[in-house]
Amino acid sequence: MKRVLTLAVSLVLAMQNLLYAQQTSKQLFSAETITVERFNGQTVYPDTKETVEWVVRTSKGSASTYPKIVMANAWPEDKYGVSPENAEELKAFSINASFMHRGYNWVEISPGRNVNGKLEIVPLELTPEVKGISVWVWGSNYNFDLDVVVVDREGIEHRLRMGKLNFMGWRNMSVLIPKSVAPKSIYPFGKNLTLYPFGQNLKLRSFIITTNPRESAENFYVYFSDVTTSSVVRRYFDFDGSDLVDPKKVAEVWSNATTAPGNEANANVEPTTPVTPAQVAQGQAATPPIVGSDNPAYQKLQEVSVNKFEDPAGWTPHMSGDFGYIVGRKLEGGPQNKQPIANEEVSPGESSDNSVLGVKVSFIRRGLTPINVTAFHPIPIDGLVKVISVWVAGRNVPHKLSILVRDQNNKLHKLFVGTLNFSGWKQMSVAIPSKVEQRGSRPTKVGLSVVGFEIDTDLDDSRGTYYVYFDDMRAWIDFAAFEVAGSDDPVDAW
């Protein structure tokens with residue numbers, strides 16, 4: 001009898017679970033390959049429905065009248081076959097580039113659209129939950145590198161290596177999106193409902209071809225066709241209120257929304273979106289909205305000038321005499337794209353910012369020898385330093401630049417800034433890691449000291465004469481961490 005009763009109870013519970021499952025939402029997961037761009041002029045931006053146009057830029061040293069572009073009637077036969085029915089509609093974005101010198105030259109291909117009558121680069125939003133990106137490429141058997149740049153929902157760019165173009169003909173090149181790049185999940189309409197809205201997904205910023213200094217970079221061709229993504233697609237259906245995730249319904253419901261009563265006092269407060277050191281270091285927040293903000297959370301973060309390299313006697317370049325000779329001097333000029341610091345106070349008698357520090361190295365033999373540019377006296381920076389930046393004019397040589405800083409424990413730290421494989425002026429930045437102890441034993445002592453710069457030379461390129469130039473070192477400082485005492489606290493300066 002007990003056994004029959006237990007069986008009956010189990011049957012009732014199973015029927016209840018079945019009825020409940022029928023009333024709840026159904027969900028379908030599928031891994032799909034989605035075409036993002038066919039280069040046929042029909043791709044549009046999801047938000048504005050404007051046609052996507054492709055912008056091509058190159059590094060300095062491009063030959064006259066280059067690069068050239070054309071939409072060629074070509075396609076990969078491995079995908080479409082020899083004679084596809086829509087052969088006349090198939091297009092390939094074709095580039096013919098040429099550089100005057102060998103080196104780490106680059107060609108950037110980016111999506112764009114007309115903004116105020118000017119064609120500008122605008123990243124193209126991809127499908128939700130992208131796991132990989134692929135593109136068909138026709139190579140010319142050059143040992144060049146192909147990278148793809150994607151932008152996450154925080155606005156940070158990530159450059160991913162797709163492979164080399166050392167092959168002939170068409171090839172499908174792809175790269176997996178690492179978890180560190182994948183956008184953080186947010187659920188505006190419910191957990192796991194990531195299909196809507198647009199604006200939360202990865203964006204395609206550009207494809208970058210980088211030439212190899214051991215290969216000729218003169219008059220080469222590259223063709224692109226069919227950009228696709230491998231994505232996880234989630235579909236929901238048959239649940240109560242499913243219409244509220246339809247974008248048209250959402251727009252209709254919220255078109256007449258008003259501010260909640262009682263929140264008028266906060267209506268004009270600036271949004272509290274933090275600007276991370278990584279964004280500043282990558283040039284994505286050169287003029288953050290927090291500067292000059294009325295929001296108390298941001299009043300103490302400020303950009304300050306550290307050194308403008310106007311006095312060459314304040315810097316000493318040196319290297320091992322076994323490998324070469326080095327000299328530094330003051331030169332007139334500076335980067336044209338440099339913007340002044342807002343509300344910067346210039347001390348009386350301070351020299352104008354119209355000079356740079358030039359360093360000339362004459363190698364007598366190859367070797368992994370460092371080049372040091374040391375401050376005559378360490379330059380102190382008061383306050384909690386978040387980012388240090390400096391303008392550097394490179395000569396497209398893959399030497400590596402680091403900055404030397406000393407913390408409150410008198411420990412020397414070597415922080416990697418970047419590779420000097422570019423031509424002309426570039427603002428290079430480094431975020432100060434937590435291992436640099438900026439708080440001393442006394443609570444009022446916060447900051448670090450800049451000792452100088454160190455360039456680690458590349459073995460293959462440590463030859464001949466090498467030039468490098470420095471200008472305008474700046475820092476982003478959090479003064480809130482420095483001001484620990486009240487306004488009535490006596491100042492220890494007597």
Going through the checks in order, is the side chain to side chain contact (heavy atoms under 4.5 Å, CB included) test met by I208 and V107? CA-CA 6 Å; I208 299 178; V107 180; over 6 Å; no

Backbone of [Y] reached by a side-chain donor or acceptor of [X] within 3.5 Å:
X: T58; Y: S62; answer: no
X: D471; Y: L357; answer: no
X: S134; Y: S174; answer: no
X: D311; Y: A313; answer: yes
X: T211; Y: G103; answer: yes
X: E310; Y: S355; answer: yes
X: R171; Y: G139; answer: no
X: S362; Y: Y325; answer: no
X: E53; Y: N114; answer: no
X: Q438; Y: V385; answer: yes

So, are D147 and R161 salt-bridged, with charged N and O less than 4.0 Å apart? yes

Decide, yes or no, whether a salt bridge links D460 with R214 under the criterion of side-chain N to carboxylate O below 4.0 Å. yes

Please name all residues satisfying side-chain hydrogen bond (donor to acceptor under 3.5 Å, both in side chains) with N212, sequence neighbours left out, ordered by chain then number.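 side-chain hydrogen bond (donor to acceptor under 3.5 Å, both in side chains) list for N212, sorted by chain: empty.
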
Partner set under side-chain hydrogen bond (donor to acceptor under 3.5 Å, both in side chains) for E437, not counting sequence neighbours: none

Note, [X] side chain near [Y] side chain (heavy atom, < 4.5 Å):
X: V468; Y: I455; answer: yes
X: D456; Y: L368; answer: no
X: L448; Y: I388; answer: yes
X: P317; Y: V327; answer: no
X: K435; Y: L415; answer: yes
X: I341; Y: R474; answer: yes
X: V359; Y: Y466; answer: no
X: R57; Y: I109; answer: no

Starting from the C-alpha separation in whole Å, work towards a yes-or-no answer on side chain to side chain contact (heavy atoms under 4.5 Å, CB included) for L202 and I177. CA-CA 10 Å; L202 287 179; I177 305 298; 3.8 Å; yes

Can you give me the closest heavy-atom contact between [X] and [Y], atom names plus distance?
X: K414; Y: E454; value: NZ-OE2, 2.6 Å
X: S94; Y: Y223; value: OG-CD2, 2.8 Å
X: G367; Y: T457; value: O-OG1, 3.2 Å
X: K203; Y: E125; value: CG-CA, 3.9 Å
X: M173; Y: K164; value: CE-O, 3.7 Å
X: S389; Y: Q427; value: OG-NE2, 3.4 Å

Between [atom1] of [X] and [atom2] of [Y], what distance do you get to the nearest 0.5 Å?
X: L384; Y: I381; atom1: CG; atom2: CD1; answer: 11.5 Å
X: Y469; Y: F309; atom1: OH; atom2: CZ; answer: 14.5 Å
X: Q336; Y: W425; atom1: CD; atom2: CH2; answer: 11.5 Å
X: W138; Y: L165; atom1: CH2; atom2: CG; answer: 11.0 Å
X: N219; Y: N96; atom1: CG; atom2: CG; answer: 5.0 Å
X: L124; Y: S206; atom1: CG; atom2: OG; answer: 12.0 Å

Would you check if there is a donor-acceptor pair between the side chains of [Y] and [X] at a distance under 3.5 Å?
X: W54; Y: E37; answer: yes
X: N143; Y: E215; answer: no
X: N307; Y: W315; answer: yes

Can you list the steps and then say if H399 with T419 is a side-chain hydrogen bond (donor to acceptor under 3.5 Å, both in side chains)? CA-CA 6 Å; H399 300 327; T419 305; over 6 Å; no

Does atom [atom1] of [X] have more than 12 heavy-atom neighbours from other groups under 6.0 Å away?
X: K338; atom1: NZ; answer: yes
X: H318; atom1: NE2; answer: yes
X: E50; atom1: CD; answer: yes

Kindly determine whether I403 and V450 satisfy side chain to side chain contact (heavy atoms under 4.5 Å, CB included), including the steps that lead there. CA-CA 8 Å; I403 186 170; V450 176; 4.1 Å; yes

Decide side chain to side chain contact (heavy atoms under 4.5 Å, CB included) for L146 and V222; before the verdict, give the C-alpha distance in whole Å, the side-chain angles of both, and the deciding distance to 0.1 Å. CA-CA 11 Å; L146 177 65; V222 181; over 6 Å; no

With sequence neighbours left out, which residue pairs that include part of residues 362-395 fulfil the ring-ring contact (aromatic ring centres under 6.0 Å, His included) condition? none

Per the side-chain contact (heavy atoms from CB on, under 4.5 Å) rule, which among V397, N421, L420 passes with D461?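 Of V397, N421, L420, side-chain contact (heavy atoms from CB on, under 4.5 Å) with D461 is met by V397 alone.
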
Option from L176, V175, V149 for which side-chain contact (heavy atoms from CB on, under 4.5 Å) with L160 holds: V175

Within 45 degrees of the axis of the six-membered ring of Y45 and under 6.0 Å from its centre: does R113 put its NZ or CZ there?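 Ring-cation test returns yes.
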
Are the ring centres of F224 and W136 closer than 6.0 Å? no

Applying salt bridge (Lys or Arg N to Asp or Glu O under 4.0 Å), run through E108 and R205 and close with a yes or a no. CA-CA 10 Å; E108 182 185 53; R205 170 62 171 76; 3.2 Å; yes

Please test F144 against F220 for ring pair (Phe, Tyr, Trp, His ring centres under 6.0 Å), starting from the C-alpha separation and ending with a verdict. CA-CA 11 Å; F144 299 161; F220 62 90; 5.0 Å; yes

Full working for salt bridge (Lys or Arg N to Asp or Glu O under 4.0 Å) between D472 and K308: CA-CA 4 Å; D472 199 9; K308 296 183 179 180; 6.0 Å; no

